[in-house]
Protein chains: 2
Amino acid sequence: MTAPARTQKQRREEAEAALLDAAAELVAEQGLRALTLARVGERAGYSRGLVTHYFGSKQALVERLARAAQSGFVPGLADLPPGPDRLLRLIDGYLAQQTKHERPLNRAFLLLWMEAATSPDLARLFADRTEAFRTDLREDLTAGIAEGTIRPDLPVEETTAAIVAQLRGIAIQLLVTPESLDLPALRVFLTDHWRRALTGGGHGLTR
Amino acid sequence: MTAPARTQKQRREEAEAALLDAAAELVAEQGLRALTLARVGERAGYSRGLVTHYFGSKQALVERLARAAQSGFVPGLADLPPGPDRLLRLIDGYLAQQTKHERPLNRAFLLLWMEAATSPDLARLFADRTEAFRTDLREDLTAGIAEGTIRPDLPVEETTAAIVAQLRGIAIQLLVTPESLDLPALRVFLTDHWRRALTGGGHGLTR
DNA sequence: CTCCATTTGTTGGTCGACTGACAAGTAAGT
DNA sequence: ACTTACTTGTCAGTCGACCAACAAATGGAG
């Protein structure tokens, strides 16, 4: 056997990825309470014992999953310079992301973040992600203030907190009762709403 | 025994209230996963069997608890007539409520609402409450538009959704990492923010 | 290159703990 | 007496963890 079908490294990585995918799916579908080691293993196409063998414990699996779930970003924003335009596109992009049959990791992120309310371990993990989110917004706001396109008396900290909370609040409401929100209309409304709020007047921001 | 210390009705009602209180405490502390029939009974000062006897099943207990948790209102608003002032006080009052070592029912409400994301039964229960919340806001907005204190082109539906989501998003963030938010500053910011947004200009609403 | 000892991947059995439900029993109120 | 409040015993199911075993891959010695 000089040329085995799959090397050990491959086998391990494939299995580990499959297990994490399965875990994300389960959380996305039914929340943490549906995440049992047996289900993860079997949905991934393996046996129930493998998860423990690789991740050590259920808690370790959840932590790994939580880290993996934090990678969700709004695409197409990296090229934009910080400023109000990027911020508005971030808002719009975030909301747009919630509509498309959300990838499991997207749903899993929100559900795990909610679980963090009653789990200090998770809370610590998610603090970073939230802070990174707010940091991006902070950059946009300070850049806008510096270039004069955002009113200088806008409270930066409070604004970032308000935006993050609003976006996540909408995302959660969409999880609970999707039909109670008109997401396309909300996208239009919120971009316009924040455009007005940042400039301080009723005028458009660009042009 | 012609004069018993407590009548049967009293005993039942006391016990039932104690059980519901205990259930709310448990959910507030650790979420639904900590809500076991045995714990509820024993924390309430009874035996583990009583919960089933009164409520029939765990699901029935959770539903009762969910209904009880929906009674949280911002006090001191009933006397105000619908309009932007009442709306702003509702926002401020809602946020103020999140600071004071939240009564268990307050926390329990949010946590159960989050659980509703992965539990259709709960989702149905909470749809009403959210709708009632939004209805109040709707009344304020339409009244303000009618009396001319709110800009007439404000999209009412989207605004109510945005406010509810924002308030709940903040409340959840406070549950997860309370220290990451400056609540007093947020109260000031948000009332001012919405005052501006409703009028459409940078002017104050009253006076 | 090949064989074999060793490591690593993977499985299924099993144990102890916990949980919800129920039923049979005791005590208190009517 | 009889109903209602309340407790205790118990059962069946589920779960996380550990373990012993088999299978596949690896690497070094001949």
Side-chain angles (χ1 to χ4, degrees), chain A residues 1-23 25-27 29-66 112 115 118-119 121-122, chain B residues 1-23 25-27 29-66 112 115 118-119 121-122:
Chain A
M1 287 56 173
T2 55
R6 296 180 306 165
T7 164
Q8 298 237 51
K9 199 175 175 187
Q10 278 178 325
R11 293 178 71 184
R12 164 144 204 156
E13 283 168 359
E14 278 176 29
E16 217 171 284
L19 291 173
L20 269 178
D21 280 355
E25 284 178 26
L26 285 167
V27 171
E29 286 166 16
Q30 305 259 21
L32 255 192
R33 75 179 186 286
L35 190 77
T36 77
L37 299 180
R39 269 201 276 260
V40 172
E42 276 149 21
R43 173 173 297 220
Y46 296 89
S47 69
R48 53 194 170 73
L50 196 59
V51 187
T52 306
H53 181 61
Y54 278 169
F55 297 93
S57 70
K58 180 175 181 178
Q59 179 175 328
L61 168 67
V62 173
E63 286 183 12
R64 276 289 301 271
L65 181 61
L112 288 177
E115 296 280 347
T118 53
S119 162
D121 294 338
L122 278 179
Chain B
M1 290 54 173
T2 55
R6 296 181 306 163
T7 162
Q8 298 235 54
K9 198 175 175 188
Q10 278 178 327
R11 292 178 71 182
R12 166 143 203 160
E13 283 169 358
E14 280 176 28
E16 218 172 283
L19 291 173
L20 269 178
D21 279 356
E25 284 178 27
L26 285 167
V27 171
E29 285 165 19
Q30 306 258 22
L32 255 192
R33 74 179 185 284
L35 190 76
T36 77
L37 299 180
R39 268 201 275 263
V40 172
E42 276 150 22
R43 172 173 298 220
Y46 296 90
S47 69
R48 54 195 170 74
L50 195 60
V51 187
T52 306
H53 181 60
Y54 279 168
F55 297 93
S57 71
K58 180 176 181 177
Q59 178 175 332
L61 168 68
V62 173
E63 285 183 12
R64 277 288 301 270
L65 180 61
L112 288 177
E115 296 279 349
T118 54
S119 163
D121 294 337
L122 278 179

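Computed from a predicted model, the values in this text were never measured in an experiment.
- Between the OH atom of Tyr46(A) and the P atom of dG12(C) there is a distance of 14 Å, given to the nearest Å.
- Note: CD (Glu42(A)) to P (dT10(C)) measures 15 Å, nearest angstrom.
- OP1 or OP2 of dT19(C) lies within a sub-4.0 Å distance of a side-chain N or O belonging to Arg39(B).
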Donor-acceptor pairs under 3.5 Å, side chain of residues 55-62 of chain B to any protein atom, not counting sequence neighbours: which ones?
| residue | atom | partner | partner atom | Å |
| --- | --- | --- | --- | --- |
| Ser57(B) | OG | Ala60(B) | N | 3.2 |
| Lys58(B) | NZ | Leu35(B) | O | 2.7 |
| Gln59(B) | NE2 | Glu63(B) | OE2 | 3.3 |

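- Between Thr36(A) and dT14(D) there is no side-chain N or O to OP1 or OP2 distance below 4.0 Å.
- Put simply, the side chain of Arg39(B) gets close to the backbone of Ala34(B): a donor and an acceptor are under 3.5 Å apart.
- One interatomic measurement links the two molecules: CG of Leu50(B) to C1' of dT8(D), which rounds to 13 Å at whole-angstrom precision.
- Across all non-hydrogen atoms, the minimal contact from Ala22(A) to Val40(A) is CB-O, 3.6 Å.
- Positionally, the nearest nucleotide of DNA chain D for Arg12(B) lies more toward the 5' end than for the other of Arg12(B) and Gly49(B).
- Rounded to a whole Å, the CD atom of Gln59(B) is 13 Å from the P atom of dC22(C).
- Contact detail for Leu19(A) and Gly41(A): the closest heavy-atom pair is CD2-CA, 3.8 Å.
- Residue contacts shown for Leu35(B) are limited to sugar-phosphate atoms, with no base heavy atom under 4.0 Å away.
- Toward the 5′ end of DNA chain C lies the nearest nucleotide of Ala34(B), the other residue of the pair Arg11(B) and Ala34(B) mapping further downstream.
- Spacing between atom NZ of Lys58(B) and atom P of dC22(C) amounts to 15 Å, rounded to whole angstrom units.
- The distance from atom CZ of Arg33(B) to atom C1' of dG16(D) is 15 Å, rounded to the nearest whole Å.
- Under 3.5 Å, the side chain of Arg48(A) and the base of dG13(C) form at least one donor-acceptor pair of N or O atoms.
- No side-chain donor-acceptor contact under 3.5 Å links Arg33(B) to the backbone of Leu32(A).
- Along DNA chain C, the nucleotide nearest to Leu37(B) and the one nearest to Glu16(A) differ in position, and the one closer to the 5' end is contacted by Glu16(A).
- One finds a side-chain N or O of Tyr54(A) lying less than 4.0 angstrom from the OP1 or OP2 phosphate oxygen of dT10(C).
- As rounded to whole Å, 15 Å separates atom C1' of dT8(C) from atom CD of Gln10(A).
- Atom CD in Glu13(B) sits about 11 Å away from atom P in dC6(D), given to the nearest Å.
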